[in-house]
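What you see below is based on every heavy atom in this structure, not just the backbone, and it leaves out hydrogens, waters and symmetry mates.
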Amino acid sequence: MYSEKVLDHFTHPRNVGEIADADGVGTVGNPRCGDIMRFYIKVEDGRISDITFKTFGCGAAVATSSMATELIRGKTLDEALQLTNKTVIEALEGLPPQKIHCSVLAEEALRAALVDYYTKHNLPLPKELETTASCDVCCRNEPRCDK
Ligand code: FES
């Protein structure tokens, strides 16, 4: 069963939409279920000043996207790099085991947006993003390979 928080974020998702002049955009998909998630970020003075998402997927994917944006808004880039799917699951008060992969998609979408930000601005990629960067040109399979 889903927690009240998951149901709330699924039925009333926060931060849905696009940012026209985003500093970073990250899109990821899960080849098994076909769901797609896209995150947009604005960065000002080293902080995520705005973050939105568009998700074409299941209810858990929408809820994890929504919660991830709530957790990240206003955070520094370093803090954003530390977000994991476990943090999102805890904030949502749990997910059914068969829906854990949906939260992985949210983590990956944020990381892909961060990779896009660092790349577009010719900034060195933090080591936390090196796996994501290589997965961008690889298979994106989860669980992540060790490349
Ligand atoms: Fe694919 Fe949820 S079933 S992300």
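- Grouping the Ile, Leu, Val, Met, Phe, Trp and Tyr side chains by contacts below 4.5 angstrom, directly or via other members, places V88 with L129.
- Put simply, Y117 and L125 are part of the same group of oily side chains (I, L, V, M, F, W, Y) that touch within less than 4.5 Å, one to the next.
- Once rounded to the nearest 0.5 Å, the distance linking OG1 of T64 with CE of M37 reads 4.0 Å.
- Under a 3.5 Å cut-off, the side chain of T119 and the backbone N or O of V115 do form a donor-acceptor pair.
- In this structure, the side chain of T84 engages the main chain of K86 through a donor-acceptor pair within 3.5 Å.
- Counting only heavy atoms from C-beta outward, the side chains of L77 and I48 approach each other to under 4.5 Å.
- Note on F56: it does not cluster hydrophobically with Y40, by side-chain heavy-atom contacts below 4.5 Å among ILVMFWY residues.
- With a 6.0 Å radius and a threshold of 12 heavy atoms from other residues, nucleotides or ligands, K5 has its NZ atom at or below the threshold.
- The shortest heavy-atom contact between N85 and S103 is ND2-OG, 3.2 Å.
- Taken to the nearest 0.5 Å, the CD atom of E108 stands 12.5 Å off from the OG1 atom of T27.
- To the nearest 0.5 Å, atom CG of residue L71 and atom CG of residue L83 are 6.0 Å apart.
- Under a 3.5 Å cut-off, the side chain of R38 and the backbone N or O of V25 do not form any donor-acceptor pair.
- Between R73 and I51 the shortest heavy-atom distance is NH2-O, 3.2 Å.
- The backbone N or O of D21 sits less than 3.5 Å from a side-chain atom of K42, completing a donor-acceptor pair.
- A distance of 6.0 Å separates CZ in R14 from CD in E70, rounded to the nearest 0.5 Å.
- Atom CD1 of I89 is separated from atom CG of L95 by 5.0 Å, given to the nearest 0.5 angstrom.
- L114 has its side chain within reach of L81: a pair of non-hydrogen atoms, C-beta onward, lies under 4.5 Å apart.
- Proximity of Y2 to P96: side-chain heavy atoms (C-beta onward) are separated by under 4.5 Å at one or more points.
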**Message:** Before you tell me yes or no, could you show the steps for V6 and M1 under side-chain contact (heavy atoms from CB on, under 4.5 Å), namely the whole-Å CA-CA distance, both residues' side-chain angles and the distance that decides it to 0.1 Å?
**Reply:** CA-CA 10 Å; V6 172; M1 269 324 278; over 6 Å; no
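- Taking every heavy atom of both residues into account, K54 and G17 meet most closely at CG-O, 3.7 Å.
- Between atom CG of residue L7 and atom NE2 of residue H9 there is a gap of 11.0 Å, rounded to the nearest 0.5 Å.
- Under the 4.5 Å side-chain criterion, counting only non-hydrogen atoms from C-beta, I19 is not in contact with I41.
- Shown here for G74 and R47, the closest heavy-atom pair between the two residues is O-NH1, 2.8 Å.
- Between I72 and A80, the closest heavy-atom pair is CD1-CA, 3.7 Å.
- Within a 6.0 Å sphere centred on CD of E4, heavy atoms belonging to other residues, nucleotides or ligands number 12 at most.
- Between C58 and C102, the closest side-chain pair of non-hydrogen atoms falls below 4.5 Å.
- The neighbour count for K120 NZ, taken as heavy atoms of other residues, nucleotides or ligands under 6.0 Å away, is above 12.
- Taking a 6.0 Å sphere around NE2 of H121, one finds it holds more than 12 heavy atoms contributed by other residues, nucleotides or ligands.
- In this structure, S66 contributes its side chain and P13 its backbone to no donor-acceptor pair below 3.5 Å.
- V28 has its side chain out of reach of F39: every pair of non-hydrogen atoms, C-beta onward, lies at least 4.5 Å apart.
- Between H101 and R32 the shortest side-chain heavy-atom distance does not fall below 4.5 Å.
- Side chain of D35 to main chain of N30: no donor-acceptor pair is present (N/O by atom type, distance under 3.5 Å, no hydrogens or angles).
- Scanning both residues, S65 and A106, for their nearest heavy atoms gives N-CB, 4.3 Å.
- Panel note: side chain T55, backbone V62; no donor-acceptor pair is recorded below 3.5 Å.
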